[in-house]
Q: 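If you scroll down you'll find the structure; I have some questions about it.
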Amino acid sequence: NLEIAYDNAVVDVRINEPKNGAKVSDSKVVTHGEVQMGSKLWIDGRSISIGEHGRFNSVLTLERGLNRIVYRTVARDGTEQFTIRDVIFR
């Protein structure tokens, strides 16, 4: 017997900025985007407040060199997703 199950709970985060692989010359970078309504968001382990329509906006402080920014979303049903953006501060 073969059983296929589809999980339609999409826990997606859309990150508008920064772009993956971005090279910046300032130690501060603004990250903004959207998550699915009702989801929770953490960036590098820090809880981020979600605004109207699932939008978020936060300022991050970078270290010189490669910075790996980890976005963690958790849906209402507990489904978890990680998204990574690499940003280089010169």
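All figures in this text were calculated on a predicted structure; none of them were measured in a lab.
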Q: What's the spacing between Ile48 CD1 and Leu60 CG if we round to 0.5 Å?
A: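 Separation between the atoms: 7.0 Å.
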
Q: Within this structure, what is the CD1-CG distance for the pair Ile69 and Leu62, rounded to the nearest 0.5 Å?
A: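 It is 6.0 Å, given to the nearest 0.5 Å.
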
Q: Rounded to the nearest 0.5 Å, what separation is found between the OG1 atom of Thr73 and the CZ atom of Phe82?
A: 8.5 Å

Q: Checking side-chain contact (heavy atoms from CB on, under 4.5 Å) for the pair Val13/Phe56: CA distance, chi angles, key distance, verdict?
A: CA-CA 10 Å; Val13 59; Phe56 68 90; 3.8 Å; yes

Q: So, using salt bridge (charged side-chain N to carboxylate O under 4.0 Å, His left out) as the criterion, who are the partners of Arg55 when residues are at least two apart?
A: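 Testing Arg55 for salt bridge (charged side-chain N to carboxylate O under 4.0 Å, His left out), a comparison that skips the adjacent residues, returns none.
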
Q: For Asp44, give me all partners under salt bridge (charged side-chain N to carboxylate O under 4.0 Å, His left out), at least two apart in sequence or on another chain.
A: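 Here no residue qualifies.
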
Q: Could you list the residues that satisfy side-chain hydrogen bond (donor to acceptor under 3.5 Å, both in side chains) with Lys28, not counting sequence neighbours?
A: Thr61

Q: Is there a side-chain contact (heavy atoms from CB on, under 4.5 Å) between Val74 and Trp42 once you walk through the steps?
A: CA-CA 9 Å; Val74 178; Trp42 290 263; 3.5 Å; yes

Q: How would you list, by chain and number, every residue that makes a side-chain hydrogen bond (donor to acceptor under 3.5 Å, both in side chains) with Arg90, sequence neighbours excluded?
A: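 For Arg90, no residue satisfies side-chain hydrogen bond (donor to acceptor under 3.5 Å, both in side chains) once neighbours in sequence are set aside.
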
Q: Could you measure the distance from the CG atom of Leu41 to the OG atom of Ser49? Nearest 0.5 Å is fine.
A: 9.0 Å

Q: Which residues pass the salt bridge (charged side-chain N to carboxylate O under 4.0 Å, His left out) test with Arg72, sequence neighbours left out?
A: Glu80

Q: Whether the Ser58 and Arg46 side chains hold a donor-acceptor pair (N or O, under 3.5 Å, no angle test) is what I'd like checked.
A: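 Short answer, yes.
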
Q: Test of understanding: with side-chain hydrogen bond (donor to acceptor under 3.5 Å, both in side chains), list the residues that count as partners of Ser25, not counting sequence neighbours.
A: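 Testing Ser25 for side-chain hydrogen bond (donor to acceptor under 3.5 Å, both in side chains), a comparison that skips the adjacent residues, returns none.
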
Q: So, for Ile50 and Ser39, which heavy atoms are closest and what is the spacing to 0.1 Å?
A: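 Heavy-atom minimum between the residues: CG1-O, 4.0 Å.
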
Q: Checking Asn20 side chain against Asp86 main chain: does a donor-acceptor pair fall under 3.5 Å?
A: yes

Q: Checking side chain to side chain contact (heavy atoms under 4.5 Å, CB included) between Ile43 and each of Ile15, Thr31, Thr83, which is the one that passes?
A: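 Looking at Ile15, Thr31, Thr83, the match for Ile43 under the side chain to side chain contact (heavy atoms under 4.5 Å, CB included) is Thr31.
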
Q: Could you report the tightest heavy-atom contact between Gln36 and Ala75, atom names first, then the distance?
A: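 Scanning both residues, the minimum pair turns out to be OE1-CB, 4.4 Å.
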
